[in-house]
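Residue numbers begin at 1 in each chain, while the letters A, B, ... track the order of the sequences.
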2 protein chains.
Amino acid sequence: MDAEELNRFIESWGSMGILWGINRSMARIHAYLLVSEEPVDSERISSYLNISRGNTSMCLKELRNWGVIQRVNISGDRRDFYMAEPDTWKMLYRIAIGRKSREFDPALHALRHLLSETDTGKSRKVHERLTQVEEILTTLDHFIDRFLESEEKSKTILSFFRNFAPK
Amino acid sequence: MDAEELNRFIESWGSMGILWGINRSMARIHAYLLVSEEPVDSERISSYLNISRGNTSMCLKELRNWGVIQRVNISGDRRDFYMAEPDTWKMLYRIAIGRKSREFDPALHALRHLLSETDTGKSRKVHERLTQVEEILTTLDHFIDRFLESEEKSKTILSFFRNFAPK
DNA sequence: ACTATATTTCAATGGTTTCTGAATAGAGTG
DNA sequence: CACTCTATTCAGAAACCATTGAAATATAGT
């Protein structure tokens with residue numbers, strides 16, 4: 001993978017960051033770590049991607065919170081080095097779990113709260129509509145939980161998906 | 001459903017808009033239509049939610065593009081009235097389809113493009129890692145397509161989800 | 001304890017998205 | 001056709017978010 005290809009990847013990963021719900025800088029840094037064989041230090045990241053040291057530091061912290069990168073120490077070197085989570089599966093789980101807990105769960109919670117406090121008699125039609133939404137989201141919620149529950153199980157589910165939706 | 005509860009719902013639906021990938025105003029308007037028994041006109045939406053007429057008009061247009069609300073005419077009245085898509089299922093499909101085509105598909109496409117142009121020999125480890133990601137996303141892609149393919153079929157899939165992930 | 005280097009924090013900046021309100025277009029009516 | 005009411009557009013204002021860079025903090029080695 002030559003430098004040009006590498007940059008093309010970094011930039012496209014950066015712009016597809018929306019999909020994971022992370023911003024451009026974070027995604028670019030993540031991409032850079034993904035394509036680096038060896039752990040790299042923050043100075044190198046910052047200068048290669050033209051991101052300030054400060055921002056680089058904050059992004060690395062965030063990415064660590066997400067669990068998609070790891071900090072490693074190299075003996076005899078005072079600097080911190082970083083590498084992408086080496087297990088692709090684990091990485092994707094972490095991203096999915098993060099998104100779910102930040103977006104999906106609060107949404108579902110709010111809806112349930114609303115329904116529990118709503119007088120069913122007052123406007124039946126509306127109440128039924130919202131109940132339907134709640135049911136669907138609840139089912140999806142359980143499903144996603146199972147899907148994310150363990151690595152091995154998820155691999156099984158994936159193979160189910162393959163059979164169910166071949167083409 | 002009293003006014004306070006109604007507002008609470010509108011606001012939480014508004015802030016969960018991120019989940020559907022739509023902005024606050026659009027989501028609030030959508031929520032208001034969801035909980036309205038009868039079709040409402042744009043003036044009423046605008047004054048109830050404190051959103052300018054101009055913005056209301058643009059949001060309604062967007063929501064119609066998404067297919068999650070409908071414009072209806074009431075004879076003898078020159079105004080346009082709006083109502084939420086009455087079929088909850090259809091509504092959720094429309095949202096899911098929109099998100100997939102705006103976020104998921106371009107991301108997957110970019111990744112494939114990258115892989116097709118990458119020299120496999122140069123950095124095997126990285127190439128393998130990306131290929132893994134591509135495979136997983138492709139499988140999910142097919143699965144989601146099937147899931148969204150038709151109303152009836154999706155209902156079947158939902159019941160599968162229920163059995164697979166009861167609790 | 002001191003120095004040199006690495007890291008983190010945060011106020012200020014710059015950029016992007018969203019919203020407003022006035023201008024414009026359009027549709028129905030006498 | 002002139003009038004009235006409604007809908008849409010769009011330039012500028014406001015709100016929001018990401019990024020910088022300098023200052024503060026932390027740490028390792030001497």
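A/E85 and A/R64 are not joined by a salt bridge, as no carboxylate oxygen comes within less than 4.0 angstrom of a charged side-chain nitrogen.
Atom CZ of A/R53 is surrounded by 12 or fewer heavy atoms from other residues, nucleotides or ligands within 6.0 Å. For B/R44, the CZ atom sits in a loose shell: 12 or fewer heavy atoms of surrounding residues, nucleotides or ligands are nearer than 6.0 Å.
For A/R129 (side chain) and B/L34 (main-chain N/O), a donor-acceptor pair under 3.5 Å exists by modelled atom type.
In this structure, A/D80 reaches the sugar-phosphate backbone alone: every heavy-atom distance under 4.0 Å involves primed, P, OP1 or OP2 atoms, never a base.
Summarising the geometry, atom OH belonging to B/Y82 is positioned 11.5 Å from atom SG belonging to B/C59; distances are rounded to the nearest 0.5 Å. A distance of 10.0 Å separates NE2 of A/H30 from CH2 of A/W66, quoted to the nearest 0.5 Å.
Counted by atom type alone, B/E134 and B/T138 present one or more donor-acceptor pairs between their side chains at under 3.5 Å.
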Checklist entry - If the sugar-phosphate is the primed atoms plus P, OP1 and OP2 and the base is the rest, what is the B/S/- string for nucleotides 18-30 of chain C, using protein heavy atoms under 4.0 Å? => result SSBB------BS-
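Residues A/R112 and A/H109 form no side-chain contact, since every pair of their non-hydrogen atoms from C-beta on lies 4.5 Å or further apart.
Protein chain B contacts DNA chain D from D/dT4 to D/dC10, reading 5' to 3' and using non-hydrogen atoms of the protein with a distance under 4.0 Å.
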